[in-house]
Amino acid sequence: MTKALKIQPSELVDFFEDGGQAMRMNYYPPCPQPEQVIGLNPHSDAGALTILLQVNEMEGLQIRKDGMWIPIKPLKDAYVINIGDMLEIMTNGIYRSIEHRATINSEKERISIAAFHSPRLDAIIGPAPSLVTPKSSAVFNNISVQDFYKGYFSRQLEGKSYIDVMRIQNE
Ligand SMILES: O=C(O)CCC(=O)C(=O)O
Ligand SMILES: [Fe+2]
């Protein structure tokens, strides 16, 4: 990733030396009226990278692309890798976090396991210094990882609205 971005490895890698991994298992029971409910509200993940397994290969995960919801069909033994908000901030918006949601079906339960990877909690994250140039100014403010999570978990999941709070406003 640092090669692709043409930045020093230390500008990304050091943040993950004592980084965190958190895991969530999601169980979505079937519902006779699936169009009336949502499994997981539209959101982007807070951390840097998420590795997601659609355990029993039931459809339900959708990503938002150009304003449309696109289903991500489960592939056997394959993981889905999602970019989270913190990686969007650290790459100054070059890698964009993906908005996604989970829907419910009427026939069978759906199970997924997500592993969220995050910089160490006491780090201050912001756009990598060499991605901020006179031609491409910083798009996001710096914030501590702890404060980022505090803000993220004290709000409702609502698309990508939280990362906008970190955006530098140009008058
Ligand atoms: O169930 C899924 O496929 C998505 C889960 C998810 O987005 C999450 O746990 O953050
Ligand atoms: Fe998610």
Side-chain angles (χ1 to χ4, degrees), residues 1 12 15-16 18-121 123 125-127 139-141 143-167:
M1 213 178 264
L12 267 189
F15 288 90
F16 296 92
D18 287 308
Q21 185 190 48
M23 211 169 256
R24 175 161 62 215
M25 295 188 188
N26 302 299
Y27 175 84
Y28 308 96
C31 173
Q33 292 174 297
E35 60 295 333
Q36 306 275 357
V37 293
I38 183 81
L40 194 51
N41 275 348
H43 67 284
S44 48
D45 296 338
L49 275 184
T50 303
I51 302 177
L52 179 87
L53 182 65
Q54 308 200 65
V55 176
N56 61 345
E57 289 162 36
M58 288 298 291
E59 263 191 57
L61 176 63
Q62 298 180 339
I63 61 163
R64 183 125 114 163
K65 189 161 186 283
D66 304 327
M68 288 192 331
W69 287 108
I70 316 279
I72 303 299
K73 292 210 161 77
L75 295 174
K76 194 168 158 35
D77 298 331
Y79 294 106
V80 174
I81 312 289
N82 278 336
I83 288 174
D85 291 340
M86 289 191 202
L87 197 58
E88 176 161 345
I89 291 174
M90 296 166 99
T91 63
N92 204 24
I94 295 175
Y95 289 170
R96 311 264 304 277
S97 63
I98 186 74
E99 185 176 348
H100 55 287
R101 68 178 185 182
T103 59
I104 299 284
N105 71 83
S106 59
E107 261 125 66
K108 199 174 161 208
E109 78 275 6
R110 177 169 177 273
I111 297 166
S112 68
I113 301 177
F116 305 99
H117 299 87
S118 133
R120 55 170 206 278
L121 273 185
I125 55 160
V139 182
F140 295 104
N141 286 303
I143 184 167
S144 77
V145 173
Q146 262 180 46
D147 286 345
F148 189 96
Y149 277 124
K150 268 189 208 156
Y152 183 92
F153 288 117
S154 58
R155 295 162 62 98
Q156 291 203 331
L157 291 178
E158 203 186 317
K160 285 189 61 170
S161 64
Y162 181 51
I163 196 174
D164 287 340
V165 177
M166 252 60 67
R167 225 172 264 283

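First listed ligand is number 1; within each ligand, the first listed atom is number 1.
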Contact atoms of ligand 1, heavy-atom distance to [X] under 4.0 Å:
X	answer
L40	5 (C), 6 (C), 7 (O), 8 (C), 9 (O)
Y28	1 (O), 2 (C), 4 (C), 5 (C)
L52	3 (O), 5 (C)
D45	10 (O)

Nearest-neighbour protein heavy atom for [atom], which is reported as residue plus atom name and distance:
atom	value
atom 3 (O) of ligand 1	R110 NH2, 2.7 Å
atom 2 (C) of ligand 1	S112 OG, 3.4 Å
atom 8 (C) of ligand 1	R24 NH2, 3.3 Å
atom 5 (C) of ligand 1	N26 ND2, 3.4 Å

Checklist entry - Can you check side chain to side chain contact (heavy atoms under 4.5 Å, CB included) on F16 and H117, steps first, answer last? => result CA-CA 8 Å; F16 296 92; H117 299 87; 5.6 Å; no
Item to check | Flag side-chain contact, heavy atom, 4.5 Å: N105 against M58 | outcome: yes
Item to check | Qualifying residue, where the test is side chain to side chain contact (heavy atoms under 4.5 Å, CB included) with I72 and the options are V80, L52, I98 | outcome: V80
Next on the checklist: Using the rule side chain to side chain contact (heavy atoms under 4.5 Å, CB included), only one of I83, I63, D85, N82 pairs with S44; which is it?
Outcome noted: D85
Checklist entry - Which heavy atom in Y162 sits nearest to a heavy atom in G151, and how many Å separate them? => result OH-CA, 3.3 Å
Next on the checklist: I need the minimum non-hydrogen distance between N92 and F140, along with the two atoms involved.
Outcome noted: OD1-N, 3.9 Å
Item to check | Minimum-distance N/O/S atom that D45 presents toward the Fe ion (ligand 2) | outcome: OD1
Item to check | ligand 1 contact on N82 by region, counting heavy-atom pairs under 4.0 Å | outcome: neither
Item to check | Part of H43 with heavy atoms under 4.0 Å of ligand 1, whether side chain, backbone, both or neither | outcome: side chain
Checklist outcome for this item: Quick note, salt bridge (Lys or Arg N to Asp or Glu O under 4.0 Å) partners involving residues 48-65, not counting sequence neighbours, are R64-E99
Checklist entry - To the nearest 0.5 Å, what is the distance between CD (Q54) and CG (N26)? => result 10.5 Å
Checklist outcome for this item: The angle formed at the Fe ion (ligand 2) by NE2 of H100 and NE2 of H43 is about (to 10 degrees) 90°
